[in-house]
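Numbered from 1 within each chain, the chains take letters A, B, ... in sequence-line order. As the structure is a computational prediction, the values presented were derived from the model and not from experiment.
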Protein chains: 2
Amino acid sequence: MTEPLVWQAPQPERADAARNRQHLLATAREMLAEAGPERLTMDALAERSGLGKGTVFRRFGTRTGIFVALLDDAERDFQEQMLGGPPPLGPGAPPIDRLAAYGEARMRFLMDNRDAARAALLGRLPVPAGGLPASLSHTHIRMLLGLIDLGPADLTVLTAQLTAALDVPLLRYLSATDADHAADQVTDALANGWRDLVRRVCRP
Amino acid sequence: MTEPLVWQAPQPERADAARNRQHLLATAREMLAEAGPERLTMDALAERSGLGKGTVFRRFGTRTGIFVALLDDAERDFQEQMLGGPPPLGPGAPPIDRLAAYGEARMRFLMDNRDAARAALLGRLPVPAGGLPASLSHTHIRMLLGLIDLGPADLTVLTAQLTAALDVPLLRYLSATDADHAADQVTDALANGWRDLVRRVCRP
DNA sequence: GGCAGAAGCGGGGTAAAGTCCGCTTACGAA
DNA sequence: TTCGTAAGCGGACTTTACCCCGCTTCTGCC
């Protein structure tokens with residue numbers, strides 16, 4: 001019996017619970033847009049949504065859990081593009097190109113959801129007991145690396161390294177106090193850097 | 001006028017302040033060794049050291065600041081090895097070898113100070129306004145990369161990527177609930193992975 | 001429909017981070 | 001030595017995440 005990857009409510013959710021979850025997510029999104037992440041407190045969310053504090057915690061586990069849920073939600077269609085959309089992001093292109101394209105797409109995605117991304121990814125990560133983590137990003141990168149001929153390589157470690165190299169520089173930037181200043185240039189530089197890193201790592 | 005890299009008390013510290021700082025650090029180290037990081041609260045540290053809570057915050061800024069200070073302290077002699085010790089860690093070896101050796105050394109260092117490292121690096125990083133960060137690790141890696149012929153490359157981004165690829169996988173492991181289980185094997189695997197990554201990135 | 005018991009709910013309670021501000025102390029200059 | 005003042009100190013206060021547990025509401029089953 002393994003722990004779930006990230007915190008989540010037990011499987012078969014009762015109808016009222018599901019309704020509340022949706023309501024809470026919608027309210028959270030509103031509050032985030034209106035007043036920024038630091039104003040999104042558990043008490044405020046409970047009050048504004050007309051539910052009890054206990055309920056909020058039951059649904060999301062921790063404050064970070066709210067941002068993770070928000071990001072998951074936004075990630076859903078991004079994920080579809082990734083798994084079944086047109087190349088180079090979707091299947092059909094050579095895996096190295098898909099890897100490069102994936103990095104750029106993920107960066108733009110995180111950038112577009114910067115508030116949630118910052119709070120979700122900087123918050124203390126829930127780590128599954130007894131194993132290495134497997135976020136969506138991690139899984140996808142590992143899958144693509146498996147399709148590339150890399151010679152002798154420890155794919156587990158390489159995946160962890162590349163996942164970190166993809167997310168962390170952007171997160172660092174997003175945490176800077178003036179993160180909105182030159183957002184596009186920075187994103188471009190990071191996307192180019194990712195492309196270059198992939199090329200260096202994967203060339204024969 | 002730039003912000004300091006990490007939070008620190010204003011420059012010329014009064015004698016009583018310096019004494020208190022040392023006393024607090026020593027007490028913190030004791031508490032960490034005796035009861036683990038989660039028991040090291042600001043209140044507890046203040047009480048045990050016989051000082052006021054305000055003083056603790058004045059010295060370290062935030063809770064994370066204490067772990068950062070602890071780690072900095074431990075890092076001092078490691079740093080000397082790095083800057084002036086024998087090759088391949090110190091100067092004299094080819095920069096690629098130094099880079100590889102540095103990664104392994106840093107991993108062992110973080111592993112030896114895992115409690116402080118985890119708390120310091122997972123805690124919300126204080127990010128300097130208006131620029132990319134420059135931790136000791138970051139600076140050293142950037143310096144070494146500057147000595148290597150990499151062809152066209154954005155060294156700023158590459159440095160951020162490699163710094164992340166070095167620290168994050170280990171931190172993830174350190175955050176796992178059973179982090180002490182197979183510590184040495186994991187460290188070895190990560191060190192090998194780092195060596196391999198450096199080789200891939202830096203080969204002509 | 002009625003029932004049992006699990007799932008969900010609410011909101012008061014606790015602990016710990018971080019702030020504030022009036023009092024005290026070190027220390028350079030006269 | 002004395003004095004002015006900036007630095008330091010302490011601890012009450014505020015805020016907020018997170019826990020607890022008695023009560024309520026679903027929902028599958030007869």
According to a strict under-4.0 Å criterion, is [X] in side-chain N/O contact with OP1 or OP2 of [N]?
X: Thr41(B); N: dA16(C); result: no
X: Asn20(A); N: dG8(C); result: no
X: Arg59(A); N: dG8(C); result: yes

_Glu47(A) atom CD: more than 12 heavy-atom contacts under 6.0 Å_ =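 12 or below, so no.
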*Just wondering, more than 12 heavy atoms not from Arg39(A) lying within 6.0 Å of its CZ?*
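No - once you tally the heavy atoms of other residues, nucleotides and ligands closer than 6.0 Å, there are 12 at most.
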_Under 4.0 Å between a side-chain nitrogen and a carboxylate oxygen: does that hold for Asp97(B) and Arg195(B)?_
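No, this pair does not count.
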*Looking at Asp196(B) and Arg199(B), does any basic side-chain N land under 4.0 Å from a carboxylate oxygen?*
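The answer is yes: the pair qualifies as a salt bridge.
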*If you pin Glu38(B) and Lys53(A) to their nearest nucleotides in DNA chain C, which one's is more 5'?*
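This one resolves to Lys53(A).
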*By nearest nucleotide on DNA chain C, pick out whichever of Asp43(A) and Leu51(A) is the more 5' one.*
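Comparing both residues, the 5'-ward one is Leu51(A).
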*asked:* Please compare Gly54(A) and Ala17(B) by the position of their nearest nucleotide in DNA chain D and report the one closer to 5'.
replied: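 The answer here is Ala17(B).
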Euclidean distance, atom [atom1] of residue [X] to atom [atom2] of [N] [Å, nearest integer]:
X: Arg58(B); N: dC21(C); atom1: CZ; atom2: C1'; result: 11 Å
X: Met42(A); N: dG11(C); atom1: CE; atom2: P; result: 16 Å
X: Ile66(A); N: dC18(D); atom1: CD1; atom2: P; result: 10 Å
X: Leu45(B); N: dA16(C); atom1: CG; atom2: C1'; result: 13 Å
X: Leu24(B); N: dG10(D); atom1: CG; atom2: P; result: 10 Å
X: Phe57(B); N: dC13(D); atom1: CZ; atom2: C1'; result: 13 Å
X: Leu40(A); N: dT16(D); atom1: CG; atom2: P; result: 12 Å

*asked:* I'd like to know if the side chain of Thr187(B) pairs up with that of Tyr173(B) as donor and acceptor (distance under 3.5 Å, no hydrogens or angles considered).
replied: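 Their side chains do not contain a donor-acceptor pair, so the 3.5 Å distance test is not met.
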*Among side-chain atoms of Thr41(A) and Arg63(A), is any donor-acceptor pair under 3.5 angstrom?*
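Short answer, no.
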*Which letter, B, S or -, goes with each nucleotide of nucleotides 24-30 of chain D from 5' to 3', with contact meaning a protein heavy atom under 4.0 Å?*
-BSS---
*To the nearest 0.5 angstrom, please state how far the CG atom of Leu155(B) sits from the CD atom of Gln161(B).*
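CD of Gln161(B) is found 11.0 Å from CG of Leu155(B).
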